[in-house]
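A quick write-up on the structure given underneath.
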Amino acid sequence: MKKNIIAMNASIMIGLGSILAAPSVYAESISDLEKQKESIQEKRSGVESNISDTEKKIDSLQDKQMTAEDQIAAIEAKIAESAKKIDAKNAEITQTKKEIEALKEEIKVLKERIAKRNEVLKERALSFQETGGDVNYLEVLFGSSSFGDLVDRVGAVATIAEADRDILKQHELDKKDLEEKQKAVETKLASLEVAKAELLEIQKQQKQQKQEKDALVKKLKQQTEKHEHEKMGLEEEKANLAAQEKAIKSAISLEHQRLAELEAARKKAVAEAKKRAEQEAAQAAAQAASQASQATETKKQSTSSGYSAKSNSSSSSSPASSNVSQAPAVSSGTFTRPSAGYVSSTMGERWNKQHAGIDIAASGTVPVVAAADGVVSRSYFSSTYGNVVFVTHSISGQQWTTVYAHLSSRQVGEGAVVAKGQQVGIMGNTGHSFGQHLHFELHKGPWNYSKSNAVNPLNYVNI
């Protein structure tokens with residue numbers, strides 16, 4: 001009998017041991033959550049560093065853009081100055097051409113004058129040739145009738161000779177003046193044309209420089225826009241990581257609460273077990289004192305135990321809760337279907353971009369439910385996702401993130417604890433969307449801007 005009492009106490013202690021050991025399972029879960037929280041904090045720090053680097057790149061690009069724009073303004077001023085100089089040269093060229101036209105008229109007059117002088121000189125030369133040169137002058141002199149007439153004739157001959165020399169001299173001067181004027185005007189015109197050509201070449205180079213600077217500014221603007229877009233994505237990723245960190249902290253708090261409740265239950269169980277052991281020991285002692293009394297007590301206990309078992313077996317189970325209208329039935333797998341409808345688009349390349357999830361389309365009022373137990377890390381309106389809900393899950397030590405986008409309305413807020421199959425919103429057509437559908441993403445780990453953790457939901461959810 002003493003052996004039976006020892007065995008009974010041993011079985012009770014084994015039961016107590018299993019109760020005492022139970023918290024270690026949850027302790028591992030908390031440890032996993034703490035690791036996930038640390039991982040998210042590290043990623044958040046990395047994203048903040050990337051945002052800082054991107055901001056520096058944007059500042060550098062904007063500085064370069066401002067410098068290039070200042071250079072463009074300086075080049076435009078030079079182009080305007082060159083245009084003024086070209087206009088001035090064109091005016092000079094036009095004036096010089098007018099001078100050339102006027103000179104042409106002078107040249108025409110000079111040519112006529114020279115032609116007439118040539119005729120006179122030719123006549124004189126012909127006369128010299130026919131009369132033998134100076135003979136005609138002698139005839140003029142010897143033909144005088146008196147000394148006075150001779151003096152007059154000598155003066156006349158001298159005057160004629162002097163006139164011939166003047167004609168020849170003027171002839172040479174006119175020819176020289178004509179040649180000098182022609183040369184001066186031609187030189188001036190050529191010089192102006194050269195100067196104009198040089199100015200046009202300078203202006204061409206300046207316009208080329210402006211085109212290059214314009215192209216540079218355009219490129220810098222494109223790069224700036226690209227980095228600003230990346231910054232927006234990084235800031236959204238930072239916000240999501242912060243929300244996920246908050247969700248993990250909430251999950252850790254819930255886990256601690258559950259551990260506290262378990263500890264309270266464990267203490268209660270220990271107290272009840274000790275009390276039951278004391279009662280059973282007292283009963284065993286009474287049985288040892290009286291075999292007959294023990295038999296009677298055993299019969300009573302057997303009857304009581306049978307009644308209790310019967311009573312327990314007759315207890316009814318609670319009725320199953322009914323599903324939300326049009327909501328899909330909750331499946332037994334890790335993840336359940338998030339909404340009713342058909343898959344209208346799968347994960348993969350779409351419109352030259354990566355479609356990081358699947359689209360489920362349906363008409364009418366279609367409830368959207370959580371694919372698994374978790375904590376709502378974000379619930380907000382996005383320019384691309386529209387009304388969107390992010391849920392963070394911790395399943396067997398692995399963090400998961402589900403995304404429910406383009407909702408017509410959201411029914412859960414950030415920090416809310418949701419159960420698998422619990423409604424989080426209604427299918428809609430908000431954000432960058434074409435037609436009512438649910439865009440559903442599944443990430444093995446935290447969500448990030450590049451969506452590098454995205455996995456194909458069809459490999460995990462039976463749809």
With a 3.5 Å distance limit and no angle check, can you tell me whether [X] reaches the backbone of [Y] through a side-chain donor-acceptor pair?
{"X": "Arg337", "Y": "Ser339", "result": "yes"}
{"X": "Ser52", "Y": "Glu48", "result": "no"}
{"X": "Ser433", "Y": "His406", "result": "no"}
{"X": "Asp359", "Y": "Ser345", "result": "no"}
{"X": "His355", "Y": "Gly357", "result": "yes"}
{"X": "His437", "Y": "Asn429", "result": "no"}
{"X": "Thr224", "Y": "Ile58", "result": "no"}
{"X": "Gln422", "Y": "Ala419", "result": "yes"}

Asn459 atom CG: more than 12 heavy-atom contacts under 6.0 Å:
yes
Worked check of side chain to side chain contact (heavy atoms under 4.5 Å, CB included) between Gln208 and Glu212
CA-CA 6 Å; Gln208 180 65 30; Glu212 291 172 358; 3.5 Å; yes
Would you sort out whether Leu442 and Trp400 count as a side chain to side chain contact (heavy atoms under 4.5 Å, CB included), showing the intermediate values?
CA-CA 7 Å; Leu442 179 62; Trp400 297 81; 3.8 Å; yes
Can you list every salt bridge (Lys or Arg N to Asp or Glu O under 4.0 Å) pair that touches residues 60-82, not counting sequence neighbours?
Glu76-Lys210, Glu81-Lys85
According to ring pair (Phe, Tyr, Trp, His ring centres under 6.0 Å), who are the partners of Tyr449, at least two apart in sequence or on a separate chain?
none
Non-hydrogen side-chain atoms of [X] and [Y] separated by less than 4.5 Å:
{"X": "Pro338", "Y": "Leu438", "result": "yes"}
{"X": "Leu407", "Y": "Val389", "result": "yes"}
{"X": "Thr336", "Y": "Val461", "result": "no"}
{"X": "Val375", "Y": "Val418", "result": "no"}
{"X": "Ser331", "Y": "Asn462", "result": "no"}
{"X": "Tyr404", "Y": "Val388", "result": "no"}
{"X": "Thr401", "Y": "Asn453", "result": "no"}
{"X": "Gln399", "Y": "Pro446", "result": "yes"}

Verdict with supporting geometry, Glu414 and Phe390, side chain to side chain contact (heavy atoms under 4.5 Å, CB included):
CA-CA 9 Å; Glu414 294 182 5; Phe390 288 70; over 6 Å; no
Look up atom [atom1] in [X] and atom [atom2] in [Y], then write down how far apart they are to the nearest 0.5 Å.
{"X": "Thr96", "Y": "Glu193", "atom1": "OG1", "atom2": "CD", "value": "9.5 Å"}
{"X": "Lys84", "Y": "Leu199", "atom1": "NZ", "atom2": "CG", "value": "14.0 Å"}
{"X": "Gln211", "Y": "Ile75", "atom1": "CD", "atom2": "CD1", "value": "10.5 Å"}
{"X": "Thr346", "Y": "Leu458", "atom1": "OG1", "atom2": "CG", "value": "7.0 Å"}
{"X": "Ser191", "Y": "Glu186", "atom1": "OG", "atom2": "CD", "value": "13.5 Å"}
{"X": "Glu55", "Y": "Asn50", "atom1": "CD", "atom2": "CG", "value": "11.0 Å"}

Between Ser82 and the options Gln203, Lys207, Gln206, the side-chain hydrogen bond (donor to acceptor under 3.5 Å, both in side chains) test singles out Gln206
On a heavy-atom basis, which atom in [X] and which in [Y] lie closest, and how many Å separate them?
{"X": "Asn387", "Y": "Ser408", "result": "ND2-O, 3.4 Å"}
{"X": "Ala340", "Y": "Ala362", "result": "O-CB, 3.9 Å"}
{"X": "Phe335", "Y": "Lys420", "result": "C-CE, 4.1 Å"}
{"X": "Phe381", "Y": "Arg410", "result": "N-NH2, 4.0 Å"}
{"X": "Gln423", "Y": "Val412", "result": "O-CG1, 4.0 Å"}
{"X": "Pro328", "Y": "Val369", "result": "CG-CG2, 4.3 Å"}

Would you tell me whether [X] and [Y] have side-chain atoms, one donor and one acceptor, within less than 3.5 Å of each other?
{"X": "Ser452", "Y": "Asn448", "result": "yes"}
{"X": "His227", "Y": "Glu225", "result": "no"}
{"X": "Thr402", "Y": "His393", "result": "yes"}
{"X": "Tyr342", "Y": "Ser344", "result": "no"}

Determine, stepwise, if the pair Thr334 / Ile395 fulfils side chain to side chain contact (heavy atoms under 4.5 Å, CB included).
CA-CA 8 Å; Thr334 304; Ile395 303 172; 3.7 Å; yes
Can you list every ring-ring contact (aromatic ring centres under 6.0 Å, His included) pair that touches residues 410-433, not counting sequence neighbours?
His432-Phe434
